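Here the structure comes first, spelled out in structure tokens, and everything after it is commentary.
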Amino acid sequence: MPANPRDVIVPLDFPTKSEAMRYLDLFDAEGERPFVKIGMELFYAEGLSIVRETAARGLKIFLDIKVCDIPNTAKGAMASLAGLPIDIVNCHALGGLEMMRWAREGLESRGGSPPLLVGVTVLTSISEAMLNAELGIPDTVNNTALRLARLAKAAGLGGVVCAPGEAGLVHQACGDDFITITPGVRFPDADTIDQQRAASPIDARRFGSDYIVVGRPISKAANPVQAYRRYRNAFLGIGENIL
Ligand code: C5P
């Protein structure tokens, strides 16, 4: 389990290592050491070197690669990642119970203390209408996310990625130590963009999120470090003039 639950995770959603490192330099210059997320865009472009260089800066890393394949391939993918200096990695819960179990086994195959494996429930870009009409799942988003969280727990995963509004339900069903990571967090003054189930950092805290993921509201801000602090303070309940 990560050493410091309840934190803001900052995605490095950039196409190149040099852009990602320039972004990290902004934080470094202000003495901030954010928990970062490396997603598919940067990982596919730069491979393992981006993970190693980010870790060399002493930063915690969530490798957000959302593995979803047959169990054997998922296990192999995770085995290839085992031993990397990462704190959290994920797979899709929609890959099923067996796939998640095998993914966990792959991650544990090198012994030591493996990173926390979390399952993606329903992407925060998916609305209930999309869930029903496009994916053909005739249920509410809440029920679907909760069912997938229970499945992830049954597979031995340590938590899930879900919308902020689902974090409380997930904790009720799966326990307080089952980590909830919630993207789709914005202050009301930010554009919701493509996130359908967004919430403010204050509400995310009330709902019981352990980690919030805040991308564009920080990276596109005129002063990203200031925006990061504003989100972090609101999420952690520090200070008063946060709005
Ligand atoms: O810019 P924004 O704050 O919307 O970025 C959200 C980040 O969280 C992106 O890096 C995206 O890949 C990720 N994410 C998400 N929804 C999920 C899982 C991950 O938005 N369910």
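The structure presented is a predicted model; accordingly, all values stated were derived computationally and were not measured. Remember, it's 1-based here, ligands and their atoms both numbered in the order they're listed.
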Exercise. Does the ring center of F62 lie less than 6.0 Å from the ring center of F35?
Worked result: no

Problem set entry | I88, D64, N90, I212 screened by side chain to side chain contact (heavy atoms under 4.5 Å, CB included) with I181, the one that passes | I88

For this session: Give the contacting part of C162 toward ligand 1: side chain, backbone, both or neither, where contact means a heavy-atom distance below 4.0 Å.
Result: neither

For this session: Give a yes/no verdict on a cation-pi contact between R6 and F235, requiring under 6.0 Å between NZ or CZ and the six-membered ring centre and an angle within 45° of the axis.
Result: yes

Exercise. For ligand 1, is there an N or O atom under 3.5 Å from any N or O atom of G215?
Worked result: yes

For this session: Just let me know how L123 lines up against ligand 1, side chain, backbone, both or neither, with a heavy-atom cut-off below 4.0 Å.
Result: both

Seminar exercise, completed: Counting heavy atoms under 4.0 Å, the part of T124 that contacts ligand 1 is both

Problem set entry | Per-atom contacts of ligand 1 with V213, taking only distances under 4.0 Å to non-hydrogen atoms | 7 (C), 8 (O)

For this session: Mark the output for K66 as yes if a heavy-atom distance to ligand 1 is under 4.0 Å, and as no if none is.
Result: yes

Exercise. For E98, does the CD atom have more than 12 heavy-atom neighbours from other residues, nucleotides or ligands under 6.0 Å away?
Worked result: yes

Exercise. Would you find a donor on one side and an acceptor on the other, under 3.5 Å apart, between the side chain of K37 and the backbone of V10?
Worked result: no

Exercise. Which of the atoms of ligand 1 are close to D13, meaning less than 4.0 Å from one of its heavy atoms?
Worked result: 9 (C), 10 (O)

Exercise. Ring centres of F187 and Y231 under 6.0 Å apart?
Worked result: yes

Problem set entry | ligand 1 contact by S219, heavy-atom criterion under 4.0 angstrom | no

Problem set entry | From T121 atom OG1 to L146 atom CG, the distance as rounded to the nearest 0.5 Å | 9.5 Å

Exercise. What atoms in ligand 1 come closer than 4.0 Å to a heavy atom of R216?
Worked result: 1 (O), 2 (P), 3 (O), 4 (O)

Exercise. For ligand 1, which atoms sit closer than 4.0 Å to a heavy atom of P217?
Worked result: 3 (O)

